[in-house]
Amino acid sequence: MTIAQVIVDVPALGTDRVFDYGVPKKWEGIIRPGMRVAVPFGPRSIQGFVVDLKEDTDVEKLKDIKQPLDLAPVLNEELLNLGHWMAYETLSFKISVFHAMLPVAMKAKYEKIIRRTDNSAILLDDLFEGKQKISWKEAEKRNLLPALHKQIENGNAEVIYFVKDRARKKLKKAVRVNAGIEELEELLQTLPANAVNQIKLIQFLLNVSPDTIETSILVKEAEVPTAAINALIKKGVFSELLMEEYRDPYKHRDFERTEPLELTNDQREAMNPILQSINDDRHETFLLYGVTGSGKTEVYLQAIQEVIVQGKEAIVLVPEIALTPQMVERFKGRFGSDVAVLHSRLSIGEQYDEWRKVQRKEVKVVVGARSAVFAPFENLGIIIIDEEHESSYKQEETPRYHARDVAIKRGENHHCPVILGSATPSLESFARAQKGVYHLLCLSKRMNDRELPPVSVVDMREEMRTGNRSMFSTELFEKIKDRLDKGEQTVLFLNRRGHSTFIMCRDCGYVMQCPHCDISMTYHRSTNEMKCHYCGFQTTVPVECPECSSSHIRYFGMGTQKVEEELVKLIPEARVIRMDVDTTTRKGAHERILDHFQSGKADILLGTQMIAKGLDFPNITLVGVLSADTMLHLPDFRAAEKTFQLLTQVSGRAGRHELSGEVVVQTYTPEHYSIQLAALQDYQRFYNQEMTMRKIGSYPPYYYLALVTVTHDDLLQAVTVTEKISAFLQQNISKEAILLGPVASPIPKINDRYRYQCLIKYKREPNLLSSLRKVLEHYNKQTARDGFSVTIDINPYNMM
DNA sequence: AGCACGCCGACT
DNA sequence: GTCGGCGTGCTC
């Protein structure tokens, strides 16, 4: 008897292991590891993943698999092993990891129905309204459950559990030609002369002789009505079938084909070691450090070209917000239909279809956001992570994995190179490159030898002193007007959307806080409400101060909305277009805004994060950063690094082509090294300076981190448990490790739950993972009962 | 995570 | 005496 080992779809500690199931005779040889199956689990029926097959089992009350949910495995052997590894490293449940590796469409939905079994019981006619079955949801709504329960107990009705697969393929009609040439010619003779369309159709078949053809295409090309096709189906010339149709998000776009460009010396030098590694089938991690506009993408493209020539496949990861049509175009332009695109702005169906293209080996290249690192290729030749320093490569929910770590693991599995590309590498990666763990490749010159644009830092405190209280310094304002006169374009960057960040009473200093979270409420002008960005709590804008009843309530902090209003007031003739989460939620909005700006229909592009990347328009000659220090003062040891990276990125948007550009950076802390060195575009010095800071603070890359967060609705309880955990961990780590805590989380309360944490800094701690696992196991019992939640984040990016 | 089982108090 | 409240533990 074949036994399948199954990971069931129950994310809990007690079920995070394999369960054995019998494979029914009729599925033997069909059910294989990596397939999803429907299995009975207790009284219900749920989804599971077969991870292995074996011949016998010790389990006595063995149940059988109900049915497979896939025709072919959705996880290959490599991905299954990768899943086990990830679950171990990130302290996650295996089932959570498997779900993270697959498109959301493959996550099952469950449904229950109640069916009557005894048709003679007249009482049931009322309950079921004469029908045979009723859905659980409806029974619940109509409050029939108590009565139905009784009937279930009496054996007059039963509950049936369904596993519903959401992975629906879109199908289209097609026909297969069964008749050979002779048969067709024979038929042509016997058809009556008035069967014009059938004759036309057969002649078409004789000319083109297709094997299988989509019905709608046949109608168009043979110029016959469907009736003619139906007639031939009846005569047995065709048999009908359904073909899978891909929901192609780029269906209506033509991509202009591009040819490889001549490489610069720099690029060729960077290219050689990569090619070497590809040719030797050898895993190596490269850090491609290239200033903005130095042509990293062309290096990626040509490396991929080589990989494809060798019959292998490529994964390219790009940060979600940089995954613009412009970016996709570069890859589709070079590799055409060999490219699949995966990111969260696609619909669930589109994501599924793009993934299917990979599974069916119909593409060679995947360009996608974080989760594309799991693309089910079997013969990977290269993995590229562009903008490797981006924090969006770290997933902030379980499984809390970093795409960089996963990419390197897969690179090892496939003996292929991994390329990390950035103009501002993360300190972690650059440090590894310095140590020789990664192979450092440099592109130090911009393409077509354009100088990096000069950056001028404006001290906004000085502006204040001279009486300028607007959000634009005199220098920036003058320069914007100058560009307007010249018909050149300006990009204004502000890392904050919305209108004002908070409101404060000018008389007593009262700042409105969320009653459920320790965070100030944000003013939203469009709805004229105060909103909490953490729990979604909303309330009206106070007309007078709740503390001192003063009416001097003022709006502080600026968001993109407010800047837009100001701009329109100050320079009415300027055509401003705003780009942030609020204006890009609708599908395709992203693309429309950029097209609009590119075609010169706007003078000023005002936006957040998302305009910092990839934007490459020839007419941009001025970049303004309205407030460089918005993220500098966050309680985050990476604040300086993030500021430096962002400023460098934004600056890189100016003067990339014939026209030279310049950058104006407004700040209240012009003396800070991250702003100074970003203005000088001096990564190396920033790296040295910041490394010193990290060494002093015992932070990465000198130390690894593990963050344990405990939440509870009672403050004291949260503190007590965090103390116990800290004490336990203190005893189980070496002297070299540093344990901080318990301390309140940077946001001490979210959603009425208090948050306490303890942070472990360590260099080498082989037993840490198992100690942390013990913490989870021990407190999990309390977790459910007493309302605790304990989460562990290995190498966190977000300390909140 | 569900769901059943089982042990306690409040009621027809 | 029974209904139903939720704490406990299991699911191949």
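So that the names make sense, note that chain A is the first sequence line, chain B the second, and so on, each numbered from 1.
- Of the residues in residues 10-29 of chain A, those placing a heavy atom less than 4.0 Å from an atom of DNA chain C are A:Thr15, A:Arg17, A:Phe19, A:Asp20, A:Tyr21, in numerical order.
- Between the side chains of A:Asp752 and A:His516, a donor-acceptor pair is found at a separation under 3.5 Å.
- Distance A:Phe41 CZ to C:dC10 P: 12 Å, rounded to the nearest Å.
- Put simply, the side chain of A:Phe162 does not reach to within 4.5 Å of the side chain of A:Ser45, judged on heavy atoms.
- Of the N and O atoms on the side chains of A:Glu78 and A:Asn413, at least one donor lies less than 3.5 Å from an acceptor on the other residue.
- The shortest distance between side-chain heavy atoms of A:Ile733 and A:Leu768 falls below 4.5 Å.
- Side-chain contact annotation: A:Ser135 with A:Glu111, donor-acceptor N/O pair under 3.5 Å absent.
- Between A:His712 and A:Tyr754, the gap from one ring centroid to the other reaches at least 6.0 Å.
- Remark: C1' of C:dC10 and CD1 of A:Ile46 are 12 Å apart, rounded to the nearest angstrom.
- On the nucleic acid side, DNA chain B contacts chain A at distances under 4.0 Å to non-hydrogen atoms, with the end points of that region at B:dA1 to B:dC3.
- A salt bridge is defined here as a Lys NZ or Arg NE, NH1 or NH2 lying under 4.0 Å from an Asp or Glu carboxylate O, and A:Glu362 with A:Arg360 meets this definition.
- Contact check for A:Lys409 versus A:Val406: no side-chain heavy atoms found under the 4.5 Å cut-off.
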(request) For the pair A:Met521 and A:Phe537, evaluate side-chain contact (heavy atoms from CB on, under 4.5 Å) and give the outcome as yes or no after the intermediate values. (result) CA-CA 9 Å; A:Met521 309 261 300; A:Phe537 177 79; 3.7 Å; yes
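- Backbone-only contact: A:Tyr161 has heavy atoms under 4.0 Å from sugar-phosphate atoms and none from a base.
- For the pair A:Met1 CE and C:dC12 C1', the computed distance is 11 Å after rounding to whole Å.
- Side-chain contact check for A:Glu378 versus A:Lys361: some heavy-atom pair is nearer than 4.5 Å.
- Contacts between residues 61-75 of chain A and DNA chain C, defined by a heavy-atom separation below 4.0 Å, involve A:Lys61, A:Leu62, A:Lys63, listed by number.
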